[in-house]
Amino acid sequence: MLDEHHGVIARHVTRPGEHDGATGDILVTDLGGAVLGCWVADCAPVVLVGSGRRIAAVHAGWRGLAAGVLDAAVAALDEPVERVVLGPVIGPCCYEFGADDLRSVAAGVRVDDERLVGRTSAGSLALDVPAAVAAFSERVGAASTRLGTCTGCSFPGFSHRVRRDTRRHVVAAWQEAA
């Protein structure tokens, strides 16, 4: 289980429990039976499934997205990505965002700004994080699945941005032992 860093630090797990409590945003393994976990709140919990035996659990907040955390996860995975799974994340309905930061996120995801522009429920400019993850999936040629809804208004969990919750969710991924 990693404690999020809001960056692009990747750690490879070669034995169960390795890197537990370490700072980072990407955990990768090909070890069957090892559970990978990252803390998230409103940030995107992303799981990458490689074409071989590798999987990655990724904490993708806006700063990490702007820094290229998804591409860093692909590099750490070191095999083609077949599937991208996105868990509950704050939606544009609840995520007011400035134009300059939005451009930074688009650059980090390597897509046009327009792909990530959303509107809040009140009509303000917003970052569409699910659209960012979907655009990344398309760019790397991976199938994409979204599980869950907006952590701010419709997911029955925690939201730091909307409700100032201090608790967080966990993204967990594992594959069966061979």
Side-chain angles (χ1 to χ4, degrees), residues 1-91 105-111 115-116 127-151 155 157-158 167-178:
M1 172 82 75
L2 288 180
D3 190 20
E4 79 268 9
H5 174 69
H6 298 282
V8 297
I9 297 171
R11 303 200 184 267
H12 293 265
V13 174
T14 59
R15 60 181 168 69
E18 186 176 16
H19 304 299
D20 187 31
T23 300
D25 296 287
I26 305 163
L27 274 175
V28 176
T29 196
D30 62 0
L31 184 63
V35 179
L36 305 180
C38 294
W39 289 108
V40 295
D42 292 311
C43 299
V46 179
V47 174
L48 304 181
V49 179
S51 60
R53 293 256 328 141
R54 294 192 176 129
I55 59 172
V58 184
H59 163 261
W62 80 265
R63 286 179 181 89
L65 289 169
V69 70
L70 296 175
D71 285 312
V74 170
L77 198 65
D78 196 30
E79 65 185 33
V81 179
E82 285 191 348
R83 176 161 302 278
V84 176
V85 180
L86 172 64
V89 61
I90 195 158
V105 172
V109 179
R110 297 182 5 203
V111 299
R115 292 285 308 268
L116 311 185
L127 172 60
D128 190 335
V129 175
V133 175
F136 162 79
S137 299
E138 289 172 23
R139 184 170 54 77
V140 299
S144 180
T145 302
R146 183 173 180 195
L147 306 172
T149 56
C150 175
T151 54
F155 181 72
F158 312 119
R167 295 174 290 175
R168 299 173 286 172
H169 308 108
V170 171
V171 56
W174 66 94
Q175 57 187 338
E176 298 295 323

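Please read these numbers as outputs of a predicted model, since none were measured by experiment.
- His169 contributes atom NE2, which lies 11.0 Å from atom SG of Cys43 (distance to the nearest 0.5 angstrom).
- The stretch residues 133-147 participates, sequence neighbours left out, in these salt bridge (Lys or Arg N to Asp or Glu O under 4.0 Å) pairs: Asp71-Arg139, Arg115-Glu138.
- Under the rule for a side-chain contact (heavy atoms from CB on, under 4.5 Å), the partners of Ala142 that lie at least two apart in sequence or sit in another chain are Val81, Val84, Val140.
- A ring pair (Phe, Tyr, Trp, His ring centres under 6.0 Å) check over residues 57-78, counting only residues at least two apart or in different chains, returns the pairs His6-His59, Trp62-Phe97.
- Two residues are said to be in side-chain contact when any heavy atoms from C-beta on lie closer than 4.5 Å; Phe136 and Val74 meet this criterion.
- Here ring pair (Phe, Tyr, Trp, His ring centres under 6.0 Å) pairs that include residues 10-32, with residues two or more places apart or in two chains, number zero.
- Among residues two or more places apart in sequence or in another chain, the side-chain contact (heavy atoms from CB on, under 4.5 Å) test is passed with Pro88 by Pro45, Thr151, Phe155.
- For Ala173, the side-chain contact (heavy atoms from CB on, under 4.5 Å) test picks out Val47, Ile55, with sequence neighbours left out.
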Checklist entry - Taking it one step at a time, do Cys150 and Ile90 satisfy side chain to side chain contact (heavy atoms under 4.5 Å, CB included)? => result CA-CA 5 Å; Cys150 175; Ile90 195 158; 4.3 Å; yes
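- Shortest non-hydrogen contact noted between Ala172 and Val35 is CB-CG1, 4.2 Å.
- Evaluation of the salt bridge (Lys or Arg N to Asp or Glu O under 4.0 Å) test over residues 19-40, restricted to residues two or more places apart or in two chains, returns none.
- Here Ser144 pairs with nothing under the side-chain hydrogen bond (donor to acceptor under 3.5 Å, both in side chains) rule; sequence neighbours left out.
- Screening residues 2-14 for salt bridge (Lys or Arg N to Asp or Glu O under 4.0 Å), with sequence neighbours left out, gives Asp3-Arg168, Glu4-Arg168.
- The list of salt bridge (Lys or Arg N to Asp or Glu O under 4.0 Å) pairs with a residue in residues 72-87, not counting sequence neighbours, reads Arg54-Asp78.
- The CD1 atom of Ile9 lies 9.0 Å from the CG atom of Leu2; values are rounded to the nearest 0.5 Å.
- Sorted by first and then second residue, the ring pair (Phe, Tyr, Trp, His ring centres under 6.0 Å) pairs with a member in residues 26-52 form an empty list; sequence neighbours excluded.
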Checklist entry - Passes side chain to side chain contact (heavy atoms under 4.5 Å, CB included), Leu31 versus Thr14? Steps please. => result CA-CA 7 Å; Leu31 184 63; Thr14 59; 6.0 Å; no
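- Under the side-chain contact (heavy atoms from CB on, under 4.5 Å) criterion, Ala73 pairs with Ile26, Leu48, Val58, sequence neighbours left out.
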